[in-house]
Amino acid sequence: MIRPILRLGAAHLQAPASSVAAITPEIDTLVTDMIETMYAAPGIGLAAPQIGVSLRIFVIDLSVGRDPKALFTMINPEWVERDGMQLEEEGCLSLPGFTATVPRPTHAVVRGWNRQGEEHTVEGNGLLARALQHEMDHLDGKLFVDRLRGIKRDLIVRKVRKLTRAGQW
Ligand code: NI
């Protein structure tokens, strides 16, 4: 089931998410919904807090459904490695219409459970390293705007406030 994606201003997006205790049928359904919602958007990643569920789960598929091997699920992910620094344009499904240049690692390794509850490790460079850091941030209640410096962040936040007042957010 495709679920509505929360936008900047929603409380779930600003709260650290809780660990998943066990893989249950409810968790499995949640992961299915997250994948459907990510593809429908369309996007290359989605974290559970973005659909109002404060659990440490995200899905990533850089191919947006074109390559079945590109899709993976991370439950209770932890950092193994992070290094380097890249500056690229980035967006978020919770901030439609906005992008910014965000500093991110060039190389990242994350370990967590797959949707069967088996441990797996994902290593990424470039865009995948960026996506891993972006989704890990969602689990800690952070959006890409929180990685921006003062003026850039304020500009986006102010525009969102204006849109909210106009009933367009
Ligand atoms: Ni995002």
Side-chain angles (χ1 to χ4, degrees), residues 1-20 27 30-66 70-79 82 85-110 112-113 115 122-149 152-161 163-164 168-169:
M1 187 176 73
I2 296 167
R3 309 234 206 147
I5 298 175
L6 300 178
R7 295 178 174 193
L8 175 69
H12 280 102
L13 295 176
Q14 284 159 326
S18 307
S19 296
V20 175
I27 295 292
L30 172 65
V31 171
T32 300
D33 288 356
M34 287 173 63
I35 293 165
E36 283 180 22
T37 304
M38 171 176 70
Y39 286 159
I44 61 169
L46 188 81
Q50 291 183 276
I51 55 167
V53 179
S54 279
L55 288 173
R56 303 188 77 81
I57 306 174
F58 66 74
V59 293
I60 287 179
D61 181 350
L62 296 188
S63 83
V64 202
R66 285 188 297 270
L71 172 67
F72 66 93
T73 301
M74 269 292 173
I75 300 170
N76 297 337
E78 283 171 19
W79 289 113
R82 253 182 304 180
M85 204 273 275
Q86 56 169 320
L87 279 170
E88 296 289 341
E89 193 92 340
E90 185 170 318
C92 177
L93 295 175
S94 294
L95 268 159
F98 293 95
T99 58
T101 303
V102 187
R104 298 292 192 187
T106 49
H107 173 250
V109 183
V110 172
W113 301 347
R115 66 185 296 180
V122 171
E123 177 168 14
N125 293 296
L127 181 59
L128 183 52
R130 165 173 298 281
L132 287 168
Q133 176 74 69
H134 180 112
E135 300 310 330
M136 288 293 267
D137 276 358
H138 274 304
L139 304 186
D140 293 330
K142 276 194 201 126
L143 298 180
F144 77 79
V145 284
D146 298 314
R147 297 267 180 194
L148 302 176
R149 268 187 270 163
K152 276 190 183 173
R153 184 182 191 281
D154 292 349
L155 196 71
I156 293 177
V157 170
R158 233 179 292 146
K159 279 183 186 162
V160 167
R161 258 189 228 135
L163 286 168
T164 304
Q168 292 166 349
W169 187 250

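Only this structure's heavy atoms are used, side chains among them; waters, hydrogens and symmetry mates stay out. Both ligands and their constituent atoms are indexed starting at 1 by order of listing. In this chain, residues are counted from 1 in sequence order.
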Nearest-0.5 Å distance, CD1 of residue Ile27 to CD1 of residue Ile57 | 4.5 Å
Pairs involving residues 90-101, ordered by first then second residue, that meet salt bridge (charged side-chain N to carboxylate O under 4.0 Å, His left out) (sequence neighbours left out) = Glu90-Arg104, Glu90-Arg130
Any ring-ring contact (aromatic ring centres under 6.0 Å, His included) involving residues 44-66? Give me the pairs, sequence neighbours left out, ordered by first then second residue.
-> none
To the nearest 0.5 Å, atom CG of Leu46 lies from atom CE of Met34 at 5.0 Å
Tell me, which protein N/O/S atoms are under 2.8 Å away from the Ni ion (ligand 1)?
-> Cys92 SG, His134 NE2, His138 NE2
Would you please name every residue forming a side chain to side chain contact (heavy atoms under 4.5 Å, CB included) with Asp154, sequence neighbours left out?
-> Arg158
Determine, stepwise, if the pair Ile156 / Leu148 fulfils side-chain contact (heavy atoms from CB on, under 4.5 Å).
-> CA-CA 10 Å; Ile156 293 177; Leu148 302 176; 4.0 Å; yes
